[in-house]
> 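Structure provided below as structure tokens; questions to follow.
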Amino acid sequence: MKKLDTLELITLAALWGASFLFMKMGAADFGPVALTALRVGLASLTLLPILLWRGHGAVMLQHWRAIAVVGIVNSAIPFVAYTYAALSINAGLSSVFNATTPLWGALIAWAWLGDYLTRWRVLGLAIGFAGVAWLVWDKTGFQAQPLISSAASAANAASAANDVDAGQTAIAVLACLGATLCYGIGANCTKRYLAGVPPLAVAAGSQIGASIALALPAWWLWPAVTPPASSWAGIGVLGIVCTGLAYLMYFRLIAHIGPARATAVTFVIPIFGVLWGGLFLGETVSAVMLGACGVIVVGTTLATGLVAPRLR
């Protein structure tokens, strides 16, 4: 990789890491559906003029059905899921779960498309999902709880509140994992049905498809109270920069360094997700969170074949 490509990859990771920050900041004011509809709508407005300028409009229309499905599976559903999760868990944690996307992609490619899994890739899947299980176990409060005496009514009340929090966290974690599962499905749908279609047509078309799919639900679930200007500004950055322009950078990287190397951005996103959450939202990072993230990244590098050790 050239130095410029490396710099662009790091910049892309910083932008996508920041998307978790902006989702966290706007989730309560807009709600998951309205926020996502604005996000993909702004991304569509950013990408569509470039698509038309490059002359890929006819190609997008030719493959509109498959592109629309990818838009729903790869953008509309996971964006809503991540924004919903932002109501209960911090941005850094969401970005760590995002690193499991290649694990789902490899597993679905094996089950659906018949991709061959070497022993190292199988080991990588096992390691990666073990890291997920570790993180889920820690964050959802499934650890064994100490016995509480019947006389400790205040402790019982606190325990009940903690149970509610743990339940909300568990649902948020499942939403994150569901989002990354959708990403894995979307990637394999693209490989199966849109091979050879210009990436810009897929990017722009998928955002348009997601916008159309979310238009009516967003109108129905539009917030009763007008969000503050700061939330609108955050949505603008999220849609135009962290989604629209980030897609352009991503497909430019694919063209320059190939898809295998471009997916390495997934490993860097959690670093920036945790960093931005700590700097701007005061989020704390636990040792378990860092350790589980490391385990997930190691498993992902093996599962995707990015690293393939050879035994002598």
Side-chain angles (χ1 to χ4, degrees), residues 1 6 9-10 12-13 16-17 20 73-74 78 81-82 85 89 92-140 142-144 170 172-192 195 250 253-254 257-274 285-312:
M1 289 174 57
T6 302
L9 187 144
I10 294 173
L12 177 60
W16 273 345
F20 296 94
V73 175
N74 201 64
Y82 267 125
I89 62 177
L93 181 59
S94 293
S95 69
V96 171
F97 281 117
N98 188 72
T100 66
T101 297
L103 296 176
W104 291 113
L107 189 61
I108 293 169
W110 167 75
W112 181 22
L113 303 181
D115 273 16
Y116 176 69
L117 291 178
T118 64
R119 288 177 295 176
W120 284 110
R121 294 186 69 188
V122 172
L123 177 62
L125 287 171
I127 292 173
F129 283 115
V132 173
W134 181 20
L135 190 56
V136 170
W137 185 267
D138 177 72
K139 292 300 178 182
T140 55
F142 290 151
Q143 303 94 327
V173 166
L174 289 176
C176 289
L177 293 177
T180 54
L181 173 61
C182 286
Y183 286 148
I185 295 172
N188 283 282
C189 281
T190 303
K191 181 179 180 180
R192 175 67 176 82
Y250 180 58
L253 278 172
I254 290 177
I257 64 177
R261 289 182 177 177
T263 56
V265 69
T266 310
F267 311 143
V268 190
I269 290 173
I271 297 174
F272 285 100
V274 170
V285 182
S286 67
V288 171
M289 187 172 165
L290 291 176
C293 182
V295 172
I296 291 169
V297 169
V298 169
T300 301
T301 57
L302 291 172
T304 57
L306 191 64
V307 175
R310 294 183 179 180
L311 296 176
R312 294 184 179 180

> Let's go through Phe97 and Ile296 carefully: what are the C-alpha distance in whole Å and the side-chain angles of both, what is the deciding distance for side chain to side chain contact (heavy atoms under 4.5 Å, CB included) to 0.1 Å, and is it a yes or a no?
CA-CA 9 Å; Phe97 281 117; Ile296 291 169; 5.6 Å; no

> When rounded to the nearest 0.5 angstrom, what is the spacing between CH2 in Trp104 and CD1 in Ile185?
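Trp104 CH2 to Ile185 CD1: 9.0 Å, rounded to 0.5 Å.
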
> Taking all non-hydrogen atoms of both residues, which atom of Asn98 and which atom of Thr266 are closest, and how far apart?
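The pair with the smallest heavy-atom distance is O-CG2, 3.9 Å.
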
> Counting only heavy atoms from other residues, nucleotides and ligands, does the tally under 6.0 Å from CH2 of Trp110 exceed 12?
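Incorrect, the count does not exceed 12.
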
> Taking all non-hydrogen atoms of both residues, which atom of Pro270 and which atom of Ala99 are closest, and how far apart?
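Residues Pro270 and Ala99, closest heavy atoms: CG-CB, 3.9 Å.
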
> Show your working on side chain to side chain contact (heavy atoms under 4.5 Å, CB included) between Leu125 and Leu117 and close with a plain yes or no.
CA-CA 10 Å; Leu125 287 171; Leu117 291 178; 3.9 Å; yes

> Could you report the tightest heavy-atom contact between Val96 and Met289, atom names first, then the distance?
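It is CG2-CE, 3.9 Å.
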
> Below 4.5 Å, heavy atoms only, C-beta onward: do Val73 and Tyr183 meet side chain to side chain?
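They are not in contact (no side-chain heavy atoms under 4.5 Å apart), so the answer is no.
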
> For the SG atom of Cys189 and the CG atom of Asn74, what is their distance to the nearest 0.5 Å?
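The CG atom of Asn74 is 9.0 Å from SG of Cys189, to the nearest 0.5 Å.
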
> What distance separates Trp112 CH2 from Lys191 NZ, expressed to the nearest 0.5 Å?
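The distance works out to 10.5 Å.
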
> Do the ring planes of Trp16 and Tyr250 sit parallel (below 30°), tilted (30 to 60°) or perpendicular (above 60°)?
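The arrangement is tilted - the two ring planes meet at 30° to 60°.
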
> What is the distance from atom OH of Tyr82 to atom CD1 of Ile89, rounded to the nearest 0.5 Å?
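Atom-to-atom, Tyr82:OH and Ile89:CD1 are 8.5 Å apart.
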
> Do you know which two heavy atoms are closest between Gly291 and Trp134, and how far apart they sit?
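Where Gly291 meets Trp134 most closely, the heavy atoms are C-CZ3, 3.4 Å.
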
> Nearest 0.5 Å, please: how far is OG1 in Thr101 from CG in Leu177?
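Atom-to-atom, Leu177:CG and Thr101:OG1 are 10.0 Å apart.
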
> Side chains of Thr100 and Thr180 only: does a donor on one sit below 3.5 Å from an acceptor on the other?
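Their side chains do contain a donor-acceptor pair, which is all the 3.5 Å distance test asks for.
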
> Verify, without hydrogens or angle tests, whether Asn188 (side chain) and Gly184 (backbone) share a donor-acceptor contact under 3.5 angstrom.
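Yes.
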
> What heavy-atom pair brings Ala85 and Ser94 nearest, and what distance separates the two atoms?
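It is CB-OG, 4.5 Å.
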
> Given side chains that start at C-beta, do those of Leu302 and Val122 come closer than 4.5 Å, heavy atoms only?
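No; the side chains remain at least 4.5 Å from each other.
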
> In Å, rounded to the nearest 0.5 Å, how long is the span from OG1 of Thr300 to CG of Leu103?
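It comes to 3.5 Å.
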
> So, the side chain of Arg121 versus the backbone of Tyr116: is there a donor-acceptor pair under 3.5 Å, distance only?
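Yes, because the side chain of Arg121 sits within donor-acceptor range (under 3.5 Å) of the backbone of Tyr116.
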
